[in-house]
Amino acid sequence: MRFFKDVNLAAFTAGFVAVLVGFTSSVAIVFQAAQAFGATPELIASWMWALGIGMGLASMLPSLWLKKPVMIAWSTPGAAVLATAGVGYSMGEAVGAFIVCALLITLAGATGWFERVMNRIPMAIASALLAGVLARFGLAAFAAAQTALPLVLLMLASYLLGRRLLPRYAVPLTLGVATVFVALRGELAWSTVHFTLAMPVFTMPSFTWQAAVSLALPLFVVTMASQNLPGVAAIRAAGYEMPVSKLITLTGVATLVLAPFGAYALNLSAITAAICMGREAHEDPARRYTAAVCCGALYVVIGLFGAAVTGLLTAFPKELVAAIAGLALLSTIGGGLAAAVRDESHREAALITFLVTLSGVVIAGIGSAFWGVVAGAAALAVQQLGRTAEKTPAGKDIAPGCKIALEQKTANDHARNAHEAPAK
């Protein structure tokens, strides 16, 4: 099987770091969302089962099929919305709202309207959006030094030495050194690990217009604006061409099937996707899909052994998680910023997008990723108002197709020309 030939230690580590970062940074919010509907421990375990299985299979199978890193995650801002808006609603009403949200996501993918919107966003704006989303993790990596200075300094030194001596394995080396360090200091919370299988619990949905308006619609809006929008930006900034509409439809169908068991909303990932789509995952872009497959497999394990894996992942100190996330994303942040400011005519609008996104501002319950795009698009519209548009090839300044495929084709053409040229 090709996967076993393509995978390496760096790819597996990237998948593990993606799970570690994505899971530990937001699992508490998911628990709060479940508890807002009066969930019992059995129901919370069922939520983890459904979300783990959904994220895992929806990441693994398309990645293996397309041979490209498809990364699916739960909606973290969606969980935050449910945690605050869910009080007073029953679990049955919540499941009914999840199903309504899933149908709306499926419709957005099947009709292709979301992808058409994304196709009109200039690459500079998309790159600035991604850099703004990820830069918060870069800042958090060094802010962790306030409470764990020896750990962060050790991780930074390990990363820099790894980049100098073993660049392909800099992140695995850093994670290994940090794990040994905190283990020797007795800072790994092994007491939270309990090995029990998670069992799915079916909840009969109850459909009410109050839950549809108060839960389903806000969940749909924040999932599309705050999760899928930067998710597509991450894909295109990495240079991959993927069937976005089909992937959005997949997340909607997966949510629809698993909603009665607690899968409230699945979507394209941005942060964990950047980890698995970067050079740290694999030097060869055509083999980075293995990192997404590894990530998906680990999510499935989380689903099957919900309580045990939850305890295992949350046993790591939060400073370690913050630092490894920031270091793993450094090259992606730098690449996003470079692409954002490359075109002088889009530079100011891209910087506005970056700063608004980085600010973390939330307006009307919608996160800064959406407002960053709005602000950047508005700035670009004002700058170009009344100017004669330059005639450029279609798609040149719009979110691109597969940059990787184009570069490979160019390289092949050069090789072919060199081979066919007569010897001097």
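Checking T174 against S158 by side-chain atom types alone, no donor-acceptor pair falls below 3.5 Å. A donor-acceptor contact closer than 3.5 angstrom is absent between the side chains of E93 and S206. Side-chain atoms of T147 and E319 include a donor-acceptor pair closer than 3.5 Å. Side-chain contact annotation: T208 with Y89, donor-acceptor N/O pair under 3.5 Å absent.
Of the possible donor and acceptor atoms, one in the side chain of Y240 sits under 3.5 Å from a partner among the backbone N and O of P285. R287 places no side-chain N or O within 3.5 Å of a backbone atom of K67 that could act as its donor or acceptor partner. The backbone N or O of A110 sits less than 3.5 Å from a side-chain atom of T249, completing a donor-acceptor pair. Panel note: side chain S59, backbone G296; no donor-acceptor pair is recorded below 3.5 Å. The backbone N or O of H282 lies less than 3.5 Å from a partner atom in the side chain of R288, making a donor-acceptor pair. No donor-acceptor pair under 3.5 Å is formed between the side chain of S46 and the backbone N or O of E42. The backbone N or O of A11 sits less than 3.5 Å from a side-chain atom of N8, completing a donor-acceptor pair. For T251 (side chain) and I248 (main-chain N/O), a donor-acceptor pair under 3.5 Å exists by modelled atom type.
We find the CZ-CD1 distance between R347 and I352 to be 13.5 Å, quoted to the nearest 0.5 Å. How far CD1 of I125 is from OG1 of T357: 9.5 Å, rounded to the nearest 0.5 Å. Here the straight-line distance linking atom CG of L165 with atom CG of L161 works out to 6.0 Å at 0.5 Å rounding. Between the CG atom of L51 and the CD1 atom of I302 there is a distance of 10.5 Å, given to the nearest 0.5 Å. To the nearest 0.5 Å, the span separating OG1 on T255 from CG on L266 amounts to 3.5 Å. Note that CG of L358 is 11.5 Å distant from CG of L351, once rounded to the nearest 0.5 Å.
For the pair L250/T106, no side-chain contact is recorded, criterion being any heavy-atom separation below 4.5 Å from C-beta on. V300 places a side-chain heavy atom less than 4.5 Å from the side chain of M60. Counting heavy atoms from C-beta outward, V374 and T353 have side chains that stay 4.5 Å or more apart. Using a 4.5 Å heavy-atom cutoff, the side chains of P77 and T223 are not in contact. A heavy-atom distance below 4.5 Å is not found between the side chains of T203 and F261. Here the side chains of Q383 and E348 are in contact, with some heavy-atom distance below 4.5 Å. A 4.5 Å side-chain heavy-atom check between R236 and M118 finds at least one atom pair inside the cut-off. The closest side-chain heavy-atom distance from F181 to L320 is not below 4.5 Å.
Taking every heavy atom of both residues into account, L215 and P218 meet most closely at O-CD, 3.4 Å. Residue G162 comes nearest to A170 through the heavy atom pair C-CB, 3.8 Å, listed as atom of the first residue, atom of the second, then distance. Residues G96 and F207 share a closest heavy-atom pair of O-CE2, 3.5 Å. Scanning both residues, S127 and A340, for their nearest heavy atoms gives CB-N, 3.9 Å. Nearest approach of A18 to Y299, heavy atoms of both residues: O-OH, 4.2 Å. The nearest pair of heavy atoms linking G376 to A349 is O-CB, 3.5 Å.
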Determine whether M71 and C295 satisfy the following criterion, side chain to side chain contact (heavy atoms under 4.5 Å, CB included), listing intermediate values before the conclusion. CA-CA 8 Å; M71 295 291 293; C295 179; 3.4 Å; yes
Yes or no on side chain to side chain contact (heavy atoms under 4.5 Å, CB included) for L151 and M155, after CA distance, side-chain angles and deciding distance? CA-CA 6 Å; L151 173 63; M155 293 179 70; 3.9 Å; yes
Under the side chain to side chain contact (heavy atoms under 4.5 Å, CB included) criterion, do V201 and W49 qualify, and how do the steps go? CA-CA 9 Å; V201 178; W49 177 89; over 6 Å; no
Check against side chain to side chain donor-acceptor pair (under 3.5 Å), Q227 and S75: CA-CA 7 Å; Q227 293 285 115; S75 175; 5.0 Å; no
With side chain to side chain contact (heavy atoms under 4.5 Å, CB included) as the test, would you mind laying out the steps for I72 and N267 before giving the verdict? CA-CA 6 Å; I72 305 299; N267 48 249; over 6 Å; no
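Between W74 and Y264, the distance separating the two ring centers is not shorter than 6.0 angstrom.
A salt bridge links R163 to E280: at least one charged side-chain nitrogen sits closer than 4.0 Å to a carboxylate oxygen.
Relative to the ring axis of Y289, K68 does not place its NZ or CZ within 45° and under 6.0 Å from the centre.
Ring planes of F37 and W47: tilted class, angle from 30 to 60°.
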